[in-house]
Each structure stands twice: as structure tokens, then as C-alpha cells.
Amino acid sequence: MSGRAERGRSVSFTHALCRAPSSSIVEGLRAEDRGAPDADVFRAEHAAYVAGLEAAGVAVTVLDPLEAFPDSVFVEDPALVLDGVAIVLRPGAPSRAGEAAALRPALERHCDGVLDLGRGLVDGGDILCTDDRVLVGLSARTDRDGVEALTPLVDGLGYRLELVETPPEILHFKTECGLIDPETVLATPRLAATGCFTGLRVIETATGEEAAANAIAVNGRVLVSAGHPATTERLREAGFAVVELPTTQSALVDGGLSCMSLRYSRRGAS
Ligand code: CIR
């Protein structure tokens, strides 16, 4: 395994919350219109995603679709779960703001506590967690007010928040990076060049395969969007156990892999 650190609380999870895609996903936000996703194909790819998490040993709860919120399948954005405790965030896109309140009851049922951001704007897609740090990228969805409100909450849960500047053309910080073991990120060369990954090893995506960066590490496996052979090969050569999952429909609405689940461990669960 190339001497890499395999387990840590940032990459080991007992549970995950997902939300089934709604038929309204065809209205999902996108920076560039390359056609609407096909809701049925999206559902099939989402089912494969859930199966991928389950195969990695995660107990997955799939919440009912929310037709009123086209982007609600991207359940990572309205909340952050740290050490089993959920923080209800304030998503930055107006059409997504109501997703936070809609998700809260599920967080109350499934997590060890629920806190509220309270002010400002923060999308979960702008947050990358290591074992001891929470890196938050400022973006069109995440502002300084939100980061200020998040800092003491994260601190109280035993993490240190670090602010990073996301290049303006990127939707979310994690659109172009993903933690693949407690000490390593997969990132696009563009994001890596900003110098935001202090203290972490960086593996860069191959040219033309930038969408592979939004990978997730789950219990010793790295889940990567299918269709990125050079990056996948790079990861395998570095000793990672790669699982490829189709994300063709999620990609049409600027999503990837991390955004479709909240991964966490319950306190006391092993
Ligand atoms: C949006 O623009 O909010 C959605 N269409 C995509 C959100 C993807 N979320 C993420 O990467 N965390």
C-alpha cells in the first residue's frame, strides 16, 4: 500500500445519508447547459453510488426525494457532520436555501447532535475535512460571515478551521479536490497550484480528467467517477484501491461523488 496512511476519522465511516434524486433534477443548477440530466438514468447511477458505499461497509439511509428542491440529491451541501454531530449549514444558492430546514429532521434522527450555522452562507461542497482540520474554500456559495460562524462550531468538535481561497471559476472547493487518505488529496493542477494543501500530499489529476478530483475515500477504498483512466491508473500505482462509479448525470448539473452523501460515524459505533 506504498506506506500510505489508510484509516483515520476523515476516511472511515459507519453511516451515510443520501437523498434520492427527484424528477425535478432536470431543473438542477448548472453553470453551463450541456443538456438536462435524464431522471431515470440519474436514479440508476445514484443506486450504483449507494451500492458502492454499502460495499465499502457503510450503512446508508436514502431519504425521500424532494421535488421542491431540484438539487436536493446533493445532500452534502446543506450540512456538515463532524464526529457524529451535524451542523446545519446555509447553502449559498437561493434555490437551495430551503434544503437545510428540509434536511434537519433526518439529521436529528440519524446524528448524535445537531447544531446550526446561524448566519452567513456555507455550502458543504466548500469543505474538505482531514483528521484534525476543516479546510473551507470561499466561493460564490460560501462567504466570510458563514466561515466566521462555522469556526467556533468546528473548534468545539475538536477540529481547526482553515480558510482557503477557491479560484473564482470553480463552483465549490471540492469540485476540484478530494481527500483520498488522511494525508493525501487528489486535486486538479489548477487548485494544487494555489498552495492550499499545506501539510498534505497531493496527487494531481491527469490532463483533461479534472472531474476525477471529486473523489471520496471510504473505509480503505477510493471511489472515483468513471471515465478517467489516466488518473485512475495513477491512483492504483500509488497503492489505492479504486472503485469507479458512473456520474454522467450528476456531472450535467455540476455534481460529482462527494456531493451525493453525508458520510459520518456515530459516536460509539465501530
Ligand atoms: C448546485 O449548483 O448547487 C448543484 N447543481 C451541484 C452541487 C454540487 N455539490 C457539490 O459538489 N458539493
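In each ligand, atom 1 is the first atom listed, and ligand 1 is the first ligand listed. This is a predicted model, so every value here is computed, not measured.
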- Main-chain N/O of Leu257 paired with Asn214 side-chain donor or acceptor, under 3.5 Å: yes

- Item | Atom indices of ligand 1, in the order listed, that fall short of 4.0 Å to a heavy atom of Val253 | 4 (C), 5 (N), 6 (C)

- Message: One residue to check: Asp123. Relative to ligand 1, which of side chain, backbone, both or neither has a non-hydrogen atom less than 4.0 Å away?
- Response: neither

- Task: Could you list which atoms of ligand 1 come closer than 4.0 Å to a heavy atom of Phe74?
- Result: 4 (C), 5 (N), 6 (C), 7 (C)

- Item | Where Leu262 and Ala79 come nearest, the two heavy atoms and their spacing | CD2-O, 3.3 Å

- Task: Decide salt bridge (charged side-chain N to carboxylate O under 4.0 Å, His left out) for Arg104 and Glu108; before the verdict, give the C-alpha distance in whole Å, the side-chain angles of both, and the deciding distance to 0.1 Å.
- Result: CA-CA 6 Å; Arg104 201 176 205 289; Glu108 284 167 358; 2.4 Å; yes

- Task: Over all heavy atoms of both residues, which pair between Ala187 and Val202 is shortest? Give the atoms and the distance, please.
- Result: CB-CG1, 4.2 Å

- Message: One thing to verify: whether Arg190 and Glu210 come together as a salt bridge, which I'm taking to mean a side-chain N less than 4.0 angstrom from a carboxylate O.
- Response: no

- To which protein heavy atom is atom 10 (C) of ligand 1 closest, and what is the distance rounded to 0.1 Å? Cys259 CB, 3.0 Å

- Please state which protein non-hydrogen atom is closest to atom 9 (N) of ligand 1 and give its distance, to 0.1 Å? Asp77 OD2, 2.8 Å

- ligand 1 atoms in contact with Gly125 (distance to a heavy atom under 4.0 Å): 12 (N)

- Item | Arg19 to Phe69, cation-pi by 6.0 Å centre distance and 45° axis angle | no

- Message: Pairs of nitrogen or oxygen atoms closer than 3.5 Å, one from Arg96 and one from ligand 1: do any exist?
- Response: yes

- Note on the structure: Checking heavy-atom distances from atom 1 (C) of ligand 1 to each of Arg30, Arg141, Glu27, the winner is Arg141

- Should Leu29 be counted as touching ligand 1, given the test is an N or O pair under 3.5 Å? yes

- For Asp254 and ligand 1, does the shortest N/O to N/O distance drop below 3.5 Å? no

- Positive for salt bridge (charged side-chain N to carboxylate O under 4.0 Å, His left out) with Arg141, one of Asp77, Asp123, Asp254: Asp123

- Query: How does Asp71 reach ligand 1, if at all, at less than 4.0 Å between non-hydrogen atoms: by side chain, backbone, both, or neither?
  - Reply: side chain

- Qualifying residue for side-chain contact (heavy atoms from CB on, under 4.5 Å) with Leu186, from Val222, Asp181, Ile180: Ile180

- So, does His172 sit close enough to ligand 1 that a heavy atom of it is under 4.0 Å from the ligand? yes

